[in-house]
S.K.: 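Take a look at this one; I'll ask things after.
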Protein chains: 2
Amino acid sequence: MNLTIAEENYIKAIFHLQQAEGNVSTNQLAASMHTKPASVTDMLKKLTNKSLLEYEPYQGVRLGKEGKKQALSIVRKHRLWEFFLVDKLQFGWDEVHEVAEELEHISSKKLVDKLDAFLGFPKFDPHGDPIPDMNGNMVSIRQFNLIDVKQKTLVEVCSVGSQSAELLELLRHKNIVIGTQLQIVRKFDFDHSVEINIENKPTITISQQLAQALFVKLV
Amino acid sequence: MNLTIAEENYIKAIFHLQQAEGNVSTNQLAASMHTKPASVTDMLKKLTNKSLLEYEPYQGVRLGKEGKKQALSIVRKHRLWEFFLVDKLQFGWDEVHEVAEELEHISSKKLVDKLDAFLGFPKFDPHGDPIPDMNGNMVSIRQFNLIDVKQKTLVEVCSVGSQSAELLELLRHKNIVIGTQLQIVRKFDFDHSVEINIENKPTITISQQLAQALFVKLV
DNA sequence: TAAATTATTTAGATTTGTCTAAAAATAATT
DNA sequence: AATTATTTTTAGACAAATCTAAATAATTTA
């Protein structure tokens with residue numbers, strides 16, 4: 001099933017809107033794509049013919065099985081590239097979205113899977129959204145980058161950004177494991193480093209890079 | 001100047017055909033793009049209006065100043081991505097072209113320059129073609145990967161694939177510098193390792209990866 | 001429930017990049 | 001130089017993705 005870039009963008013938009021609500025309306029979709037409802041209707045017909053969607057005129061639309069598969073593949077690519085940009089090319093996590101919007105349309109599956117391996121099979125992108133694996137499976141709960149958590153909030157480490165040896169070495173040294181509970185003591189604007197307090201241990205400081213690699217949930 | 005993917009592909013094709021001959025003919029271009037002469041004429045008019053080309057009907061075409069700049073930017077992206085695929089993602093050098101054809105159209109300049117730095121500012125792609133730098137400058141002579149040289153040929157090392165610390169360390173250990181002359185003694189099919197003979201020193205073996213990082217010219 | 005409002009679809013036009021078929025310009029050949 | 005062959009351009013058509021304006025369906029409200 002080969003999709004054009006426009007088709008992929010529709011599939012992706014439907015996927016995201018569907019998370020929040022059930023069926024997705026023509027107007028919602030038009031707003032989210034910055035296009036007109038009439039254009040949406042045309043495209044919905046086209047994608048329905050390709051059996052990617054379940055669509056009844058006037059009743060909104062939802063992804064079919066094949067559509068869901070395609071959507072997960074696009075989301076996987078988007079989030080893996082975002083991870084690459086932040087982790088390897090030193091982009092800020094807030095400046096990667098646009099570039100990833102382009103990269104997500106590169107078609108080679110071999111490329112994506114090799115990129116995944118190169119990055120250490122990360123489970124979350126730099127915004128804390130889960131990355132689908134090769135089979136489209138991903139964690140469903142929303143987690144947060146430690147760097148985004150407010151002062152004093154008590155959180156628990158759920159997972160780490162990647163499995164790279166360098167990261168694991170640093171975590172061992174700081175005594176941080178999955179399940180560790182900690183509180184943000186203070187955040188420094190200059191280098192975005194963060195002071196944290198782990199259970200009954202002395203306060204320590206961790207760098208921006210490390211804080212971005214830690215995914216936590218509220219306790 | 002924002003170009004569509006189709007426009008970029010024409011600019012790139014003209015650039016490559018221009019290297020071999022002077023003015024590029026409509027038919028040549030049609031053949032190289034797997035399209036029809038009529039389509040080429042249409043596009044040439046369009047690109048001429050954007051002042052990328054110098055084009056007289058029936059007289060063939062050549063790139064103008066702005067066209068050349070665009071072409072170098074595309075070639076730079078293509079070759080940097082090829083280098084990335086081979087050096088970081090472990091693709092074979094013979095399977096990267098198609099993927100790079102897609103990646104070369106990603107527009108972010110920041111991405112390209114950061115990728116360049118991440119790769120160690122490589123001067124040649126995995127096929128031995130020179131990579132233009134940020135300003136469009138590149139070596140003009142065609143060099144060869146050592147791995148492609150026939151047995152017994154005497155060659156001289158012109159440059160190395162990248163400036164990574166790991167590569168430089170290995171080169172120091174093997175006593176290979178720019179200007180070193182050597183002969184291929186033997187090539188092994190199993191792991192594509194190569195036995196080489198440097199001037200009056202004992203024969204040594206180098207790995208496929210190292211041989212691919214060495215660019216040489218005939219002596 | 002009938003009218004008014006909102007949402008959605010249809011109809012017809014536009015742009016981009018392509019095509020085929022025919023005309024025009026250039027080049028080659030006798 | 002005149003004819004033939006080749007190359008290139010023009011003219012008109014088509015598919016994809018979009019648009020505007022008008023028509024129709026669904027929903028809300030009085």
Side-chain angles (χ1 to χ4, degrees), chain A residues 1-15 17-18 20-63 67 70-71 74 101-102 104-105 107, chain B residues 1-15 17-18 20-63 67 70-71 74 101-102 104-105 107:
Chain A
M1 177 70 43
N2 267 342
L3 304 182
T4 65
I5 291 179
E7 288 170 338
E8 287 195 346
N9 284 333
Y10 273 92
I11 293 289
K12 187 182 50 154
I14 295 167
F15 177 84
L17 291 171
Q18 207 175 258
E21 327 223 351
N23 271 25
V24 178
S25 78
T26 303
N27 266 5
Q28 272 184 299
L29 209 37
S32 123
M33 307 272 308
H34 306 105
T35 183
K36 298 294 144 81
S39 312
V40 172
T41 302
D42 288 347
M43 184 58 95
L44 292 184
K45 283 187 201 158
K46 206 177 136 201
L47 294 175
T48 306
N49 282 338
K50 292 194 172 190
S51 23
L52 294 161
L53 303 181
E54 287 165 22
Y55 165 61
E56 288 291 335
Y58 296 99
Q59 301 310 289
V61 74
R62 89 184 69 198
L63 293 176
Q70 292 290 336
I74 300 162
E101 290 280 292
E102 288 188 63
E104 74 192 358
H105 301 295
S107 58
Chain B
M1 178 71 40
N2 268 340
L3 303 182
T4 65
I5 292 179
E7 289 170 338
E8 289 196 344
N9 283 333
Y10 273 92
I11 293 288
K12 187 181 50 154
I14 295 167
F15 177 84
L17 291 171
Q18 207 176 260
E21 328 221 353
N23 272 24
V24 178
S25 78
T26 304
N27 265 6
Q28 273 183 299
L29 209 36
S32 125
M33 306 272 308
H34 306 105
T35 182
K36 297 295 145 81
S39 311
V40 172
T41 302
D42 288 346
M43 185 58 96
L44 292 186
K45 284 187 201 159
K46 206 176 136 201
L47 293 174
T48 304
N49 282 338
K50 293 195 172 191
S51 23
L52 295 160
L53 304 182
E54 287 166 24
Y55 164 61
E56 287 292 333
Y58 296 100
Q59 301 309 288
V61 75
R62 89 185 68 199
L63 293 176
Q70 292 290 336
I74 301 162
E101 291 279 294
E102 288 188 64
E104 74 191 358
H105 300 296
S107 58

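First the proteins, then the strands, lettered A, B, ... as listed; each starts at 1.
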S.K.: Return the CG to OH distance between A:Leu29 and A:Tyr10, rounded to the nearest 0.5 Å.
M.R.: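 The distance works out to 6.5 Å.
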S.K.: On the nucleotide D:dT6, are OP1 or OP2 found under 4.0 Å from the side-chain N or O atoms that B:Asn27 carries?
M.R.: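 So the side-chain polar atoms of B:Asn27 never come under 4.0 Å of the phosphate oxygens OP1 or OP2 of D:dT6.
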S.K.: Going by atom type alone, with no hydrogens or angles, which donor-acceptor pairs under 3.5 Å involve a side-chain atom of residues 51-62 of chain B and a protein atom two or more places apart or on another chain?
M.R.:
from, atom 1, to, atom 2, distance (Å)
B:Arg62, NE, B:Asn23, OD1, 3.2
B:Arg62, NH2, B:Asn23, OD1, 2.7

S.K.: In a check of side chain to side chain contact (heavy atoms under 4.5 Å, CB included) between A:Leu44 and each of A:Ile14, A:Val24, A:Asn49, which one passes?
M.R.: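 Output: one option passes, namely A:Ile14.
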S.K.: Do the side chains of A:His105 and A:Leu3 get nearer than 4.5 Å, heavy atoms only?
M.R.: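 No - every pair of side-chain heavy atoms lies 4.5 Å or more apart.
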S.K.: Given C:dT18, is OP1 or OP2 found less than 4.0 Å from the side-chain N or O atoms of B:Lys36?
M.R.: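 No, B:Lys36 has no side-chain N/O under 4.0 Å of OP1/OP2 on C:dT18.
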S.K.: Can you tell me if A:Ser25 touches the phosphate of C:dA7, counting only side-chain N or O atoms and a distance under 4.0 Å to OP1 or OP2?
M.R.: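 It does not, given that no N or O in the side chain of A:Ser25 lies less than 4.0 Å from OP1 or OP2 of C:dA7.
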S.K.: How long is the gap from NE2 on B:His34 to CG on B:Asn9, to the nearest 0.5 Å?
M.R.: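 The CG atom of B:Asn9 is 12.0 Å from NE2 of B:His34, to the nearest 0.5 Å.
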S.K.: Can a side chain N or O of A:Thr41 be found less than 4.0 Å away from OP1 or OP2 on C:dT9?
M.R.: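 Checking C:dT9 against A:Thr41, a side-chain N or O does come within under 4.0 Å of OP1 or OP2.
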S.K.: Under 4.0 Å between a side-chain N or O of B:Thr35 and OP1 or OP2 of C:dC19?
M.R.: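 Yes, because at least one side-chain N or O of B:Thr35 sits under 4.0 Å from OP1 or OP2 of C:dC19.
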S.K.: Whole angstrom is fine here: how far is it from CD in A:Glu7 over to P in D:dA15?
M.R.: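 Checked: the CD to P distance equals 16 Å.
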S.K.: Go through C:dT18, C:dC19, C:dT9 for me and flag the one nearest to the B:Ala38 side chain.
M.R.: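 Nearest listed nucleotide: C:dC19.
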S.K.: Hey, could you give me the OG/CG distance between A:Ser32 and A:Asn27, rounded to the nearest 0.5 Å?
M.R.: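 Reported value, rounded in 0.5 Å steps: 11.5 Å.
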S.K.: Applying a 3.5 Å limit to both distances, which nucleotide forms a Watson-Crick or G-U wobble pair with C:dT15?
M.R.: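 Looking at the geometry, C:dT15 pairs with D:dA16.
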S.K.: Less than 4.0 angstrom between a side-chain N/O of B:Thr26 and OP1 or OP2 of D:dT9, yes or no?
M.R.: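 Checking B:Thr26 against D:dT9: at least one side-chain N or O falls below 4.0 Å of OP1 or OP2.
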S.K.: Is it true that B:Lys12 and B:Glu101 make a salt bridge, defined as a side-chain N closer than 4.0 Å to a carboxylate O?
M.R.: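 Yes, this pair counts.
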S.K.: To the nearest angstrom, how far is A:Leu29 atom CG from C:dT8 atom P?
M.R.: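 Result: 10 Å.
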S.K.: Quick one: is A:Lys45 getting a side-chain N or O under 4.0 Å of the C:dT9 phosphate, OP1 or OP2?
M.R.: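 So the side chain of A:Lys45 is outside the cut-off, no N or O lying under 4.0 Å from OP1 or OP2 of C:dT9.
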S.K.: Starting from C1' on C:dT18, measure out to CG on B:Leu44 and report it in whole angstrom.
M.R.: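 Atom-to-atom, B:Leu44 to C:dT18, this comes out as 14 Å.
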S.K.: Can you list, in residue-number order, the parts of residues 49-59 of chain A that come under 4.0 Å of DNA chain C, counting heavy atoms only?
M.R.: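 Contacting residues: A:Tyr55, A:Pro57, A:Tyr58.
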S.K.: Both distances below 3.5 Å, Watson-Crick or wobble geometry, any strand: find the nucleotide opposite C:dT29.
M.R.: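 Its partner is D:dA2.
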S.K.: In whole Å, what is the span from the CG atom of B:Asp42 to the P atom of D:dG12?
M.R.: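 Interatomic distance, CG of B:Asp42 to P of D:dG12: 14 Å.
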